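A short write-up of the structure that comes next.
Residues: numbered from 1 along the sequence shown. None of these values were measured; they are calculated from a predicted model.
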Amino acid sequence: MQEIDYANIGMRIRQVRKAKGWSQDELAKKCGISMAFLGHIERGRRVMSLDTFANLCTALHVHADELLWGVVSPIDDNQINIREHRTSENSDADRYSMYTQIMKSVAAIMNGEV
């Protein structure tokens, strides 16, 4: 099983952020986290929640694979953005189901099943 390398993930987040010309403060505000926490994430010193990871992917407009493994895939505007479809009416069960699906997908990738 492939281990998650948080230092490489942080480096990739920093690269994408800088390519967009954004400061840490700009990206942190878009994701609802502090600039200090983003700095720790970019240096691989703190582990982020799945929610924060999803927010980063959405804000940076990249697939999770790009940040996790460095696999660059073009974003198709017709793909579903889970952040755009979440409403305050979503129940905890709906959110749990969404997170479960994401985690199963990540586990499949890590196990080389995809």
Suppose we screen for side-chain hydrogen bond (donor to acceptor under 3.5 Å, both in side chains). Which residues come up paired with Glu42, at least two apart in sequence or across chains? Arg14, Arg17, Gln24
Just jot down the side-chain hydrogen bond (donor to acceptor under 3.5 Å, both in side chains) partners of Lys29, sequence neighbours excluded, or say none. Asp25
Please check if atom CZ in Arg43 has more than 12 non-hydrogen atoms from other residues, nucleotides or ligands closer than 6.0 Å. yes
Can you establish whether the number of heavy atoms outside Lys20 located under 6.0 Å from its atom NZ is more than 12? yes
Side-chain heavy atoms nearer than 4.5 Å, only ILVMFWY residues, links allowed to pass through others: does that put Val16 and Met35 together? no
Mind checking what makes side chain to side chain contact (heavy atoms under 4.5 Å, CB included) contact with Lys30, not counting sequence neighbours? Trp22, Ala59
Side chain to side chain contact (heavy atoms under 4.5 Å, CB included) involving Phe37 - partner list, sequence neighbours excluded: Ile33, Ser34, Ile41, Arg46, Met48, Thr52
Has the side chain of Glu26 got a donor or acceptor atom that lies under 3.5 Å from a matching backbone atom of Ser23? yes
In terms of heavy-atom contacts, Cys31 and Asn55 come closest through O-ND2, 3.5 Å
Identify every side-chain donor-acceptor pair in residues 4-12 under 3.5 Å, counting partners at least two apart or on other chains, and give the distances.
| residue | atom | partner | partner atom | Å |
| --- | --- | --- | --- | --- |
| Asp5 | OD1 | Ala7 | N | 3.1 |
| Asp5 | OD1 | Asn8 | N | 3.2 |
| Asp5 | OD2 | Asn8 | ND2 | 2.9 |
| Arg12 | NH1 | Leu67 | O | 3.0 |
| Arg12 | NH1 | Leu68 | O | 2.9 |

